[in-house]
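Report on the structure given below.
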Protein chains: 2
Amino acid sequence: MTLRMTRQRAAVTELLDDIDDFRSAQQLHELLRGRGDAVGLATVYRTMQALADAGEVDVLRSADGESRYRRCRERGHHHHLVCRSCGATVELAADVVERWARQVGADYGFADIDHTAELTGICSACAARQRSAAEAAR
Amino acid sequence: MTLRMTRQRAAVTELLDDIDDFRSAQQLHELLRGRGDAVGLATVYRTMQALADAGEVDVLRSADGESRYRRCRERGHHHHLVCRSCGATVELAADVVERWARQVGADYGFADIDHTAELTGICSACAARQRSAAEAAR
DNA sequence: CCCCTCTTTGAGAATGGTTCCCATGTCAAC
DNA sequence: GTTGACATGGGAACCATTCTCAAAGAGGGG
């Protein structure tokens, strides 16, 4: 049950400190290799799963079914606003959503309500980039 | 571009009429086989994808990464409250959530905001069933 | 009603993310 | 140090989904 500190786990948590977007296990594996901190792919998967279970990282499933991980500032429950173009991520506290979930659960007699809520969009930087690209093509 | 009416597509849409929970392509395939309306698995996948693209069915990804499909009463955008135990599903209109999504998008300068929001819980029937099971075990 | 064409089907192979297996490595308590 | 439980990694296994392609069939025009 005790988590041991190994070279591999240290490398992964260090890497997570330097990254601010959601990344897949395979991307993290590549990035580690690029840094010279080679870690087996299976170990990356295991480590991310452990961190997720411990609430140390948040997991999001992308549209193509890949799990992406990110170490968030906010330790407790929160939601995300992610740019579909560059991956920039904003953490959101959303009392409205929590209240809505509780209320709806009560209305329909459901117990032990859990919820997911995620937003995606195009951040202002990417929107600007796309506008100038469109002009250049004209 | 014209969708042809085939025995297989008819069988799938008929089946969907008789089902009220979210089911995976593989489950649908099994159910069709059980009815005697044998349809190839690949065809079930293709059909469900087409129906999803056409907005005829809703898709939910379960925790283990499977896609589950359901023909909903409400044709437009809505959310779901699903029982984790029996799969019973309630369709939800949620203006609060739509407003929240739009507002947050505006606050952070994100354009073209999209959102997902789903609730899960234990429906009252399943809660009662679990209570009596617990008593029986005592 | 019959063709002919173009879509659809289905069985099995291919794909790709993730997990499992297990022999070997390594942390850390005593 | 010694030891034993935990961790690692490479490749095989898994499994949902998609692809391939030859054969079947829908349906409009004649």
Side-chain angles (χ1 to χ4, degrees), chain A residues 1-16 19 21-54 56-70 82 87 116 118, chain B residues 1-16 19 21-54 56-70 82 87 116 118:
Chain A
M1 198 84 283
T2 341
L3 271 244
R4 277 188 193 162
M5 183 47 55
T6 62
R7 174 183 68 76
Q8 290 85 344
R9 290 215 248 262
V12 169
T13 54
E14 253 175 60
L15 173 62
L16 288 174
I19 290 187
D21 304 338
F22 280 90
R23 294 298 171 91
S24 70
Q26 315 230 23
Q27 288 178 321
L28 295 172
H29 176 244
E30 262 317 300
L31 289 169
L32 285 167
R33 165 156 305 175
R35 289 183 159 211
D37 287 329
V39 174
L41 181 56
T43 299
V44 176
Y45 275 107
R46 273 187 299 244
T47 304
M48 296 321 294
Q49 184 136 7
L51 290 175
D53 288 349
E56 297 271 330
V57 298
D58 283 11
V59 191
L60 240 49
R61 262 193 221 269
S62 64
D64 61 352
E66 245 184 357
S67 293
R68 292 171 186 280
Y69 306 88
R70 176 179 192 264
V82 181
T116 65
E118 302 295 337
Chain B
M1 196 85 279
T2 343
L3 271 243
R4 282 184 187 166
M5 183 48 56
T6 63
R7 175 183 68 75
Q8 291 84 343
R9 290 214 249 261
V12 169
T13 54
E14 254 175 59
L15 174 62
L16 288 175
I19 291 187
D21 303 338
F22 279 89
R23 295 297 171 90
S24 70
Q26 314 231 24
Q27 289 178 319
L28 295 172
H29 176 243
E30 263 316 301
L31 289 169
L32 286 167
R33 165 157 304 175
R35 289 182 158 212
D37 287 329
V39 174
L41 181 57
T43 299
V44 176
Y45 274 107
R46 275 187 297 242
T47 304
M48 296 320 294
Q49 184 139 3
L51 290 174
D53 288 350
E56 298 270 330
V57 298
D58 282 13
V59 191
L60 241 48
R61 261 192 222 269
S62 64
D64 60 353
E66 244 184 358
S67 292
R68 292 172 187 279
Y69 305 89
R70 175 179 193 265
V82 180
T116 65
E118 302 295 338

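Throughout, protein chains are lettered first and strands after them, A, B, ... in sequence-line order, and every chain is numbered starting at 1. Side-chain atoms are counted along with the backbone in the values below, which use heavy atoms only and exclude waters and symmetry mates.
- Residues meeting the side-chain hydrogen bond (donor to acceptor under 3.5 Å, both in side chains) test with A:T13, sequence neighbours left out: none.
- B:A52 is linked by a side-chain contact (heavy atoms from CB on, under 4.5 Å) to B:V57, B:V59, counting only residues two or more places apart in sequence or in another chain.
- A search for side-chain contact (heavy atoms from CB on, under 4.5 Å) contacts involving B:A38 returns nothing, not counting sequence neighbours.
- Scored by the salt bridge (charged side-chain N to carboxylate O under 4.0 Å, His left out) test, B:R46 finds no partners at all (sequence neighbours excluded).
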Inset, instruction - Any chance you could list the contact pattern along nucleotides 14-21 of chain D? Use B for base contacts, S for sugar-phosphate-only contacts and - for none, protein heavy atoms under 4.0 Å, 5' to 3'. - result: --SBBBB-
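- Legend: residues meeting side-chain contact (heavy atoms from CB on, under 4.5 Å) with B:S62, ordered by chain and number and at least two apart, are B:D64, B:E66, B:R68.
- Considering only residues two or more places apart in sequence or on other chains, A:E14 meets the salt bridge (charged side-chain N to carboxylate O under 4.0 Å, His left out) condition with none of them.
- Over its full length, the helix from C:dC1-D:dG30 to C:dC30-D:dG1 turns its helical axis through 30°, comparing axes from the five pairs at each end and rounding to 10°.
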Inset, instruction - Using a 4.0 Å heavy-atom cut-off, write out nucleotides 24-30 of chain D from 5' to 3' as B (base contacted by protein), S (sugar-phosphate only) or - (no contact). - result: -BBS---
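- Listed by first and then second residue, the salt bridge (charged side-chain N to carboxylate O under 4.0 Å, His left out) pairs involving residues 30-40 of chain A are A:D18-A:R35 (not counting sequence neighbours).
- A:H29 has its NE2 atom 15 Å from the P atom of C:dT19, to the nearest Å.
- Shown here are the salt bridge (charged side-chain N to carboxylate O under 4.0 Å, His left out) partners of B:D21, two or more places apart in sequence or in another chain: B:R23.
- For the pair B:R61 and B:S67, the tightest heavy-atom approach, listed with the atom from each and the gap, is NH1-OG, 3.6 Å.
- The shortest distance between the side-chain N/O atoms of A:Q8 and the OP1/OP2 oxygens of D:dG9 is below 4.0 Å.
- Under the rule for a side-chain contact (heavy atoms from CB on, under 4.5 Å), the partners of B:E56 that lie at least two apart in sequence or sit in another chain are B:L51, B:A54, B:R71, B:R75.
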